[in-house]
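Whatever order the structure lists ligands and atoms in, that order sets their numbers, starting from 1.
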Amino acid sequence: MTTKSLRVLVLTCSTRPGALGPAVGGWLTDTLAPVAKELDVDLVPLAVGDLDLPFLDEEEHPATGVHRHEHTRRWSRIVAEADGFVFVTPEYNYGMPATLKNALDYLGPEWAWKPAGFVSYGHTSAGTRAVQHAKQVVTTLRLVPLGSTVAIRITDAMRDDRFTPDARHAEAAEGLLAELVRVAHALTPMREPRHADAMPGPLPGSYVRPLGPDDAAEVTVLQRCCWLEEALVNDTLGIPALHETLEDVRAWLAEWDVTGLWRDGRLLGMVRTRRDGDDLHVGRLAVVPDLRGLGVGRWLLALAESAAEGCRRVLLTTGAASHRNLAVYQRQGYAVLPDPRDDGAVDLGKVVTP
Ligand SMILES: Cc1cc2nc3c(=O)[nH]c(=O)nc-3n(C[C@H](O)[C@H](O)[C@H](O)COP(=O)(O)O)c2cc1C
């Protein structure tokens, strides 16, 4: 769950002396500045010529991520940090310029699952054949080309030797940026970095990984949603999971061993454990409401119990009126502990068999 601005690279692709490209790129960034602000987009103008990229001179395939040259490493950082791209491209001989193809070829995973918009210019075709050519190439890199385009016929846009496109081009450019933002957000789950410590989860496409303080926003949402039912059946709002702040959650995420179950960027469930002498405390076992009854909770509980090696007991707590939870825990071998609590909750324990 991110609240940072989207970073959109506006890449001017022509490099020849006296090229029209810089004027097109300048018009585009000036035109889009107000709407970019409204859409919380950082537009980053850049010219391919300023990257000093020779014809691809890396030994390894770009998919390996092994970049030997400093110019490649710099280009890799720029592309990796971007959330989307607008390519400002001329049409050369019915295709994209070699400069754009070369800049694309340099990298691999850095481009993946990010939207690509095109602003083209040329003579009768307004650069559209270059865009069609580029679209065919960028999909191989898992860039996602937008349907919206801005295609400018040079003769329509030149007034007194100045590049001055009319209002419909500005409108088209704004529409392109708006579409780019929507697609960039929709693709965010596809871009979620693969965590080295992720393991397959119990549902197709799901995985588990340790949660830390950076996951506090998702955890706060999940626990408020899940413990609302507990509040209703136990007729109390005095449940910590319901009123913990983001900072509280951040703090316990740093102290407990917490595992989260994810799919497509959504936190589906979690459980936390902490050893205390001979006991393993298990808590915050939660599964999103729409995936209950599929055995996900039991799977997470078994995962938590796998940390009990060397412990005498596994302990957990639930509401005294949470009959569904109590039944699940009792089926898994837990028994209600004799010592009563005075907060409407019950403690359960299970002896660990060595
Ligand atoms: C090598 C080359 C090939 C070109 N091929 C085409 C073409 O296929 N279609 C077209 O509409 N214009 C073509 N043009 C004309 C360009 O659209 C026009 O020169 C434009 O200004 C090029 O962009 P630039 O000034 O940013 O390099 C070509 C220009 C060059 C230099």
Side-chain angles (χ1 to χ4, degrees), residues 8-33 35-36 41 43-57 71-72 74-75 78-79 82 84-107 111 114-141 143 145-177 179-180:
V8 175
L9 205 65
V10 177
L11 192 69
T12 298
C13 299
S14 58
T15 53
R16 60 188 191 95
L20 187 62
V24 184
W27 163 81
L28 185 70
T29 39
D30 289 350
T31 302
L32 290 180
V35 74
V41 167
L43 289 178
V44 183
L46 191 69
V48 171
D50 292 339
L51 296 170
D52 289 327
L53 289 175
F55 272 125
L56 180 59
D57 61 351
H71 53 252
T72 317
R74 180 169 167 259
W75 181 220
I78 293 170
V79 173
F85 307 92
V86 179
F87 297 109
V88 178
T89 183
E91 177 173 300
Y92 288 166
N93 298 313
Y94 286 29
M96 73 174 112
T99 46
L100 171 55
K101 178 71 165 62
N102 190 47
L104 288 167
D105 289 342
Y106 256 96
L107 306 175
W111 297 112
K114 297 175 183 178
F118 291 91
V119 174
S120 68
Y121 53 97
H123 291 308
T124 42
S125 73
T128 49
R129 290 171 297 215
V131 173
Q132 289 308 109
H133 180 210
K135 279 185 173 177
Q136 182 190 318
V137 171
V138 299
T139 52
T140 310
L141 295 163
L143 273 162
L146 302 178
S148 292
T149 53
V150 183
I152 304 172
R153 268 166 40 125
I154 296 172
T155 43
D156 294 346
M158 298 307 290
R159 307 205 207 302
D160 304 328
D161 276 347
R162 280 172 54 89
F163 183 75
T164 323
D166 55 32
R168 76 196 149 94
H169 291 121
E171 246 172 64
E174 289 171 5
L176 179 132
L177 187 65
E179 188 173 312
L180 186 146

Inset, instruction - Could you tell me whether Ala19 approaches ligand 1 through its side chain, its backbone, both or neither, with non-hydrogen atoms closer than 4.0 Å? - result: both
Legend entry - Side-chain donor-acceptor contact under 3.5 Å, Ser125 with Glu91: yes
Legend entry - Arg129 side-chain N/O to Gly95 backbone N/O, donor-acceptor pair under 3.5 Å: no
Inset, instruction - Considering the heavy atoms of Gly122, write down every atom of ligand 1 situated less than 4.0 Å from one of them. - result: 11 (O), 17 (O)
Legend entry - Enclosure of Arg159 CZ (heavy-atom neighbours >12, cutoff 6.0 Å): yes
Legend entry - Closest protein heavy atom to atom 19 (O) of ligand 1, given as residue, atom name and distance to 0.1 Å: Arg16 NH2, 3.8 Å
Legend entry - Shortest protein contact, atom 5 (N) of ligand 1 (heavy atom only): Asn93 N, 2.8 Å
Legend entry - Nearest neighbour in protein (non-hydrogen) for atom 29 (C) of ligand 1: Tyr92 CD2, 3.9 Å
Legend entry - Protein residue, atom and distance nearest to atom 6 (C) of ligand 1, heavy-atom basis: Glu91 O, 3.0 Å
Inset, instruction - Just jot down the ligand 1 atoms closer than 4.0 angstrom to any heavy atom of Ser14, in number order. - result: 24 (P), 26 (O), 27 (O)
Inset, instruction - Report yes if the side chains of Ser148 and Phe118 come closer than 4.5 Å at any heavy-atom pair, otherwise no. - result: no
Legend entry - Subset of ligand 1 atoms that lie under 4.0 Å from at least one heavy atom of Pro90: 22 (C), 23 (O)
Legend entry - Side-chain donor-acceptor contact under 3.5 Å, Asp57 with Tyr106: yes
Inset, instruction - Would you mind reporting whether Leu46 and Phe85 have side-chain heavy atoms less than 4.5 Å apart? - result: no
Legend entry - Shortest protein contact, atom 8 (O) of ligand 1 (heavy atom only): Tyr94 N, 2.8 Å
Legend entry - Side chain proximity check, Val24 to Leu28, heavy atoms < 4.5 angstrom: no
Inset, instruction - Hey, could you give me the CG/OG1 distance between Leu43 and Thr31, rounded to the nearest 0.5 Å? - result: 10.5 Å
Legend entry - Asp166 and Arg168 ion-paired at < 4.0 Å: yes
Legend entry - Atoms in ligand 1 with a heavy atom of Gly21 nearer than 4.0 Å: 26 (O)
Inset, instruction - Heavy-atom contacts with His123 under 4.0 Å: which atoms of ligand 1 show up? List them by number with element. - result: 10 (C), 11 (O), 12 (N), 15 (C)
Legend entry - Numbered atoms of ligand 1 (with element) below 4.0 Å of Leu20, judged on heavy atoms: 21 (O), 24 (P), 25 (O), 26 (O)
Inset, instruction - Have a look at ligand 1 and work out which part of Ile154, if any, has a heavy atom under 4.0 Å from it: side chain, backbone, both or neither. - result: side chain
